[in-house]
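Let me begin by presenting the structure, written as structure tokens, before commenting on it.
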Amino acid sequence: MGFADSRGLSRPSERSDFIRSLVRQEIADGTFAKRVQTRFPPEPNGYLHIGHAKSICLNFDLAAEFGGICNLRLDDTNPETERAHFAAAIEEDIAWLGYESHSGTLYASDYFGQLYEWAEQLINAGLAYVDDQDAATISKNRGSFSEPGISSPFRDRSVAENLTLFRQMAAGDFAAGERVLRARIDMAHENMLMRDPVLYRIRHYDHHRTGTKWCVYPTYDWAHGQSDAIEGVTNSICTLEFDAHRPLYDWFLDHLDLPGDRPRQTEFARLNITHTVLSKRLLMQLVDEGHVEGWDDPRMPTLRGLRRRGFPPSAIKDFCRHVGVARVDGTVEVELLESFVRRELNRTSLRRMAVLNPLPLLIENYPSGQVEMREAVNNPEDPFAGTRQVPFDGELFIERDDFMLEPPSKFYRLAPGREVRLRSGYFVTCTGVDTAADGTIARVRCSYDPDTGSGQAPDGRRPKATLHWVSAKHAIDGQVVLYERLFADSHPGADGADPMDSFNPASVQHLENAKFEAAMADIAPGQVVQFERLGYFAHDPITTNFFHRTVGLRDEWARIQKRRG
RNA sequence: UGGCGAGUAGUUCAACUGGCAGAACGCCUGGCUUUGGACCAGGAGGUUGCAGGUUCGAGCCCUGCCUCGCCAGCCA
């Protein structure tokens, strides 16, 4: 696996961001004996999205660049919401991106025993206690930003009593919520997280891996740093909102007998993208309220959605590497992501002709009943992609948008009296139209110039437009789905608005009458092709002749129209 | 209200210990072209959040301010 970005932006050794600088410094200082180990620690309670991809790339790339290792660790400390099928989906998505956990999948739940021992160690040191207060009381007594907290009446229990109660908690003697184990730090600490944080809570749920073995479960703060330490992680990279947790992360590790060096937590800004949402809550709302068809709906920013949409994993990785890592909260324009997708697909995808909104075109002077095979280039960007044969005859379909009765200025396509080139075919000139009863155009009539089969006219005439087309007789019927942005606003939910207010109901458009050239039959399920002049389209993995638009081509005419309003 | 973090083109990021503020995407022009694609060339776009200070020289150092984000789950 290479890291070179062909845009010449950043070869790995040259790539520079504050985390890589830090690691370079650590190596120079010998902080971790020149070792680099990272981890990607998702909770198996949902599907991965492109924001996770940024973290995955950062962690795996960083380790690889410095000759270190990176593991996938499922942070499965809360059996209430975590499920085995999420764990499997996470593994699948990471593999799809092309990364592999160095030591297989690791689980925080594998450390429950060690974590429990460490908890008793803290109790014995007088640094943890069992609190009988309920959640509401604990919350109320934690104080506020301007007032210190109030100590629990149970804060000064004896070590023996704490030990007994904690063991009873673990044995299942109490109901959920009845008691918790808390660290004994400082109820007046300016950092609220240090006001005696909860270490263990009681949960009577089946855990996806440990079953009913445990009924006390460690909180994130109690589990995370220690899991890092157990695995030998050197750099524990997380998002900015954990910044305030770092003192706690360090405090726990400083008060335990660690097997090795204390790992170092570093925070970076999570990814945001315009016209979409990346919060688990909002993504779930989209699914639950039926705005989308599921977690793998091609409009979703989930890795499963992007996969169905046809986004190549390499493009997603290039994008993640390009946006870089910093400590500034920001929102990347979705156009940047799309440009990486186009760049990759332009290089790799085969070309085919497809007519999305067919308009019949009759070539009046083409010998009736004759059919000829035209040679078409499969990918002008890749000479090795070869050519294919496309049947051509006198009855074709062209794109309805490619014809106008009264063309405005800058419309170069077909119009009465005008000559255009048919891609890989001949020049045709519009001689008239047949109008339907309702006034719409039913058919375009043309004549063709048999001397333009090379794509050139002997007299040097150069049409301003080249159209794609499909032989009516040989066309494969199919369906195409067009996708637009999920949200109309660039920043859904900005200024306190409800993000759903800007949900774009027109984000999906089904076209049922598409016509494909015969060679579309060569396109495998899941494969992405370029429909010439239209964009990149992914063949549905299940349904034949059903295509999802990955992303459109840059479209000058559309831009002119948009400018005109 | 306290603490922490962050402010550099429209957007995301660069700018080694202080030395003419750059790139990518987007936008605009032109070229080329059997995709209005791709490609090539060029252009516009900045009071580096603001105000002072130190210095021959400040995006970078100092002081004060402003704005934004995060933190009061037995979520992660």
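Chain naming here is simple, since letters A, B, ... match the order of the sequence lines and numbering starts at 1 in each.
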Rounded distance in Å - NE2 (A:H275) to P (B:G26)
14 Å
Spacing of the C1' atoms in B:A14 and B:C50 (rounded, Å):
24 Å
Starting from P on B:C75, measure out to CH2 on A:W222 and report it in whole angstrom.
17 Å
Give the B/S/- string for nucleotides 8-17 of chain B, one per nucleotide from 5' to 3', where a protein heavy atom under 4.0 Å of the base yields B, of only the sugar-phosphate yields S, and otherwise -.
--BSSSS---
Determine if the base of B:G73 is syn or anti; take syn to mean the glycosidic torsion is within 90° of 0.
syn
Once rounded to the nearest 0.5 Å, what's the spacing between atom CG of A:L74 and atom OG1 of A:T105?
6.0 Å
C1' gap between B:C61 and B:G19, integer Å:
15 Å
Applying salt bridge (Lys or Arg N to Asp or Glu O under 4.0 Å) to A:E399 and A:R533, what does each step give before you reach the verdict?
CA-CA 10 Å; A:E399 204 69 62; A:R533 303 208 305 131; over 6 Å; no
Are there any protein N/O atoms within less than 3.5 Å of an N/O atom in nucleotides 71-74 of chain B, and if so, which ones and at what distance?
unit_1 : atom_1 : unit_2 : atom_2 : d
B:G73  : OP2    : A:S139 : OG     : 2.9
B:C74  : OP1    : A:R142 : NH2    : 3.1
B:C74  : OP2    : A:R142 : NH2    : 2.9
B:C74  : O2'    : A:R203 : NH2    : 3.3
B:C74  : N4     : A:Q133 : O      : 3.1
B:C74  : N4     : A:A135 : N      : 3.2
B:C74  : N4     : A:G177 : O      : 3.1

For nucleotides B:G36 and B:U29, find the distance between their C1' atoms and express it as a whole number of Å.
16 Å
Close side-chain approach of A:V130 to A:R182, heavy-atom, < 4.5 Å
no
Spell out protein contact along nucleotides 27-38 of chain B as letters: B when the base is contacted, S when just the sugar-phosphate is, - when no protein heavy atom is under 4.0 Å; keep the 5' to 3' order.
SSS---SBBBBS
Quick one: is the NZ or CZ of A:R209 closer than 6.0 Å to the six-membered ring centre of A:Y107, and within 45° of its axis?
yes
Check whether NZ of the Lys or CZ of the Arg A:R421 lies under 6.0 Å from the centre of the six-membered ring of A:F427 and within 45 degrees of that ring's axis.
no
Only one of A:R73, A:R264, A:Q265 passes side chain to side chain donor-acceptor pair (under 3.5 Å) with A:D228, and that residue is A:R73
Between A:F242 and A:S146, just flag the one whose closest nucleotide in RNA chain B comes earlier from the 5' side.
A:S146
With P as the reference atom in both, quote the distance from B:C68 to B:C60 in angstrom, rounded to an integer.
23 Å
Separation of atom CD in A:E82 from atom P in B:C75, rounded to whole Å:
11 Å
Residues at least two apart in sequence or cross-chain that pass side chain to side chain contact (heavy atoms under 4.5 Å, CB included) with A:R342, listed by chain then number, are A:E338, A:Y536, A:V551, A:R554
Side chain proximity check, A:I185 to A:R195, heavy atoms < 4.5 angstrom
no
Please state whether the rings of A:F340 and A:F319 are parallel, tilted or perpendicular, taking 30° and 60° as the class boundaries.
perpendicular
Given side chain to side chain donor-acceptor pair (under 3.5 Å), test A:R39 with A:N71 step by step and report yes or no.
CA-CA 5 Å; A:R39 98 269 93 109; A:N71 282 302; over 6 Å; no
When rounded to whole Å, the CE to C1' distance for the pair A:M187 and B:G2 reads 16 Å
Pair assignment for RNA chain B - dot-bracket with | for other-strand partners, Watson-Crick or G-U under 3.5 Å:
.((((((..((((.....[..)))).(((((.......))))).....(((((..]....))))))))))).....
Any side-chain N or O of A:T77 under 4.0 Å from OP1/OP2 of B:A76?
yes
In this structure, how many angstroms lie between the P atom of B:G3 and the CZ atom of A:R195, rounded?
12 Å
side-chain hydrogen bond (donor to acceptor under 3.5 Å, both in side chains) partners of A:Y220, counting only residues at least two apart:
none
B:G10 and B:G53: how far apart are their C1' atoms, nearest whole angstrom?
33 Å
From CG of A:L240 across to P of B:G7 the rounded distance in Å is 10 Å
If the plane angle is over 60° it's perpendicular, under 30° parallel, otherwise tilted; pick one for A:F516 and A:F531.
tilted
Using the C1' atom as the reference point in each nucleotide, state the distance between B:G46 and B:U11 in Å, no decimals.
14 Å
Expressed in angstrom and rounded to an integer, what is the separation of A:F340 atom CZ from B:G26 atom P?
10 Å
Anything under 30° is parallel, anything over 60° is perpendicular, the rest tilted; go ahead and classify A:Y116 against A:W214.
tilted
Which is it for A:D196 and A:Y129 under the side chain to side chain donor-acceptor pair (under 3.5 Å) test, yes or no, and what are the steps along the way?
CA-CA 9 Å; A:D196 291 11; A:Y129 62 97; 2.7 Å; yes
Output, in order, the C-alpha distance, side-chain angles, deciding distance and verdict of side chain to side chain contact (heavy atoms under 4.5 Å, CB included) for A:H468 and A:L534.
CA-CA 9 Å; A:H468 59 276; A:L534 296 175; 3.9 Å; yes
Using atom C1' in both nucleotides, what's the gap between B:G42 and B:C56 to the nearest angstrom?
37 Å
Would you measure the distance from the P atom in B:C25 across to the matching atom in B:G43 and give it in whole Å?
16 Å
